[in-house]
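Working notes, beginning with the structure itself.
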Amino acid sequence: PAGARVLEIGAGTGWQARELERHGFEVRAVDLEDSSYREERVHAIDVYDGHHLPFEDASFDVVFSSNVLEHIPHVEAFQDEVHRVLTRDGLAVHVLPTSAWRFWTTVVHPFQVGRLALRKLIGKKPRPSDSAPARTPSARPTRHTPASILRAFVPPRHGEAGNVLTELYYFHRTRWVGLFRRTGWHVSATPSIGTFYTGCALLGPSLSPAARRHLARFLGSACRIYLLRKATPQRTPAAKSAAASA
């Protein structure tokens with residue numbers, strides 16, 4: 001409902017927080033102090049340490065994140081904080097990359113490297129001037145080591161667990177649903193966003209949203225939405241022991 005209290009975790013520039021606010025919600029947003037988006041913020045962001053949310057218990061009706069949980073190394077333990085700040089009947093909404101996103105991002109990675117290399121070469125072409133700028137001693141030719149050549153074809157992992165291959169599992173719906181259930185959530189729904197894109201954005205705006213929706217039917221959606229509610233509280237080990245002895 002309008003006026004619901006929403007917390008966005010890992011808000012970046014605050015663009016989505018601003019949009020949520022425009023839709024009538026009361027929004028707070030948090031991100032790390034060293035966020036790379038600090039200079040581009042369009043909404044107020046509260047700084048937090050990545051572990052403890054600076055809010056009282058049951059402060060929010062909705063906790064939202066977009067492409068953030070895969071970057072939290074202590075993601076299971078962090079669920080306790082999400083539970084704490086969420087009201088009893090609150091909703092957690094997490095947008096997360098899929099295995100399809102990981103696969104296609106890996107496939108097009110060499111093309112991305114080639115595109116960036118081409119831009120660099122074009123940028124180094126001498127300008128039509130009478131004299132070229134002197135080359136500084138620090139401008140040494142790039143040494144192409146086996147590791148650097150390998151990186152041209154094999155991208156680094158995106159999240160905090162595994163590698164570029166095992167992320168096919170870590171980003172799969174089965175893994176996330178299992179993690180959420182282990183940490184006290186009832187998974188209400190896991191709809192796809194129905195849009196195809198990769199982490200390289202090779203074609204960028206050349207592909208319209210309609211075209212990306214069509215491609216998602218065959219190549220897979222880039223993200224999935226996980227809608228969570230608090231599961232029925234389980235009895236503590238002490239309570240179970242007392243019940244068994246009784």
Side-chain angles (χ1 to χ4, degrees), residues 8-13 15-16 31 35-37 64-76 78-79 82 92-120 144-183 185 187-228:
E8 182 180 4
I9 298 172
T13 63
W15 186 89
Q16 292 180 112
D31 209 330
S35 169
S36 57
Y37 300 100
F64 167 72
S65 77
S66 176
N67 293 272
V68 170
L69 294 191
E70 73 272 22
H71 298 293
I72 301 179
H74 51 285
V75 61
E76 291 204 26
F78 188 70
Q79 300 307 307
V82 180
V93 182
H94 301 294
V95 182
L96 292 164
T98 62
S99 297
W101 178 91
R102 175 68 277 176
F103 175 79
W104 290 112
T105 297
T106 302
V107 168
V108 302
H109 176 75
F111 299 96
Q112 167 76 340
V113 172
R115 182 180 69 163
L116 295 177
L118 181 61
R119 284 184 174 182
K120 187 174 182 181
H144 297 287
T145 64
S148 67
I149 295 174
L150 181 64
R151 283 195 297 271
F153 296 94
V154 181
R157 71 184 185 189
H158 175 73
E160 294 293 326
N163 55 50
V164 66
L165 294 178
T166 58
E167 280 187 336
L168 291 170
Y169 161 72
Y170 283 114
F171 292 172
H172 195 273
R173 176 185 178 277
T174 301
R175 184 257 176 161
W176 283 114
V177 168
L179 184 151
F180 291 134
R181 287 175 176 168
R182 288 196 306 273
T183 52
W185 296 104
V187 182
S188 300
T190 60
S192 162
I193 67 168
T195 302
F196 173 82
Y197 62 83
T198 72
C200 298
L202 275 177
L203 297 177
S206 300
L207 278 178
S208 68
R212 292 184 181 279
R213 287 193 293 271
H214 181 72
L215 285 173
R217 299 175 185 174
F218 304 97
L219 304 181
S221 174
C223 289
R224 187 174 292 277
I225 305 169
Y226 294 83
L227 304 175
L228 316 174

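- In terms of modelled atom types and a separation under 3.5 Å, the side chain of Ser65 and the main chain of Ile9 share no donor-acceptor contact.
- Atom CZ of residue Arg173 and atom OG of residue Ser99 lie 12.0 Å apart, to the nearest 0.5 angstrom.
- Between Leu165 and Asn163, the shortest heavy-atom contact is N-OD1, 2.8 Å.
- The closest side-chain heavy-atom distance from Val68 to His71 is not below 4.5 Å.
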* Checking side-chain contact (heavy atoms from CB on, under 4.5 Å) for the pair Thr98/Phe103: CA distance, chi angles, key distance, verdict? -> CA-CA 9 Å; Thr98 62; Phe103 175 79; over 6 Å; no

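- His74 is linked by a ring pair (Phe, Tyr, Trp, His ring centres under 6.0 Å) to His51, counting only residues two or more places apart in sequence or in another chain.
- Of all the heavy atoms in Arg212 and Gly204, the pair that sits closest is NH2-O, 2.8 Å.
- Annotation for Phe78: atom CZ counts as buried by contact number, over 12 foreign heavy atoms lying within 6.0 Å.
- The aromatic rings of Trp176 and Tyr226 are tilted relative to each other, their planes meeting at an angle between 30° and 60°.
- Rounded to the nearest 0.5 Å, atoms OG (Ser192) and CZ (Arg217) are 11.5 Å apart.
- Using bins of under 30°, 30° to 60° and over 60° for the plane-to-plane angle, the ring pair Trp104/Phe196 lands in the perpendicular bin.
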* Determine, step by step, whether Phe171 and Arg224 satisfy the side-chain contact (heavy atoms from CB on, under 4.5 Å) criterion, reporting the C-alpha distance in whole Å, the side-chain angles of both residues, the deciding distance to 0.1 Å, and the verdict. => CA-CA 10 Å; Phe171 292 172; Arg224 187 174 292 277; over 6 Å; no

* To do: Would you please test Val82 and Leu228 for side-chain contact (heavy atoms from CB on, under 4.5 Å) and show each step?
  => CA-CA 11 Å; Val82 180; Leu228 316 174; over 6 Å; no

* Begin from the C-alpha positions of Arg157 and Tyr170 and carry the test side-chain contact (heavy atoms from CB on, under 4.5 Å) through to its verdict. => CA-CA 11 Å; Arg157 71 184 185 189; Tyr170 283 114; over 6 Å; no

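- Contacts of Arg102 classified as salt bridge (Lys or Arg N to Asp or Glu O under 4.0 Å), with partners at least two apart in sequence or in another chain: Glu167.
- Considering CD of Glu8 and CG of Asp31, their distance stands at 8.5 Å, rounded to 0.5 Å.
- We find the CH2-CG distance between Trp101 and Leu168 to be 11.0 Å, quoted to the nearest 0.5 Å.
- Taking every heavy atom of both residues into account, Gly194 and Ser221 meet most closely at N-OG, 3.2 Å.
- Atom CG of Leu96 sits about 7.0 Å away from atom CG of Asn67, to the nearest 0.5 Å.
- Counted within 6.0 Å of CZ on Arg175, heavy atoms from surrounding residues, nucleotides or ligands total more than 12; the atom is thus considered enclosed.
- Note: Ile72 CD1 to Glu160 CD = 9.0 Å, rounded to the nearest 0.5 Å.
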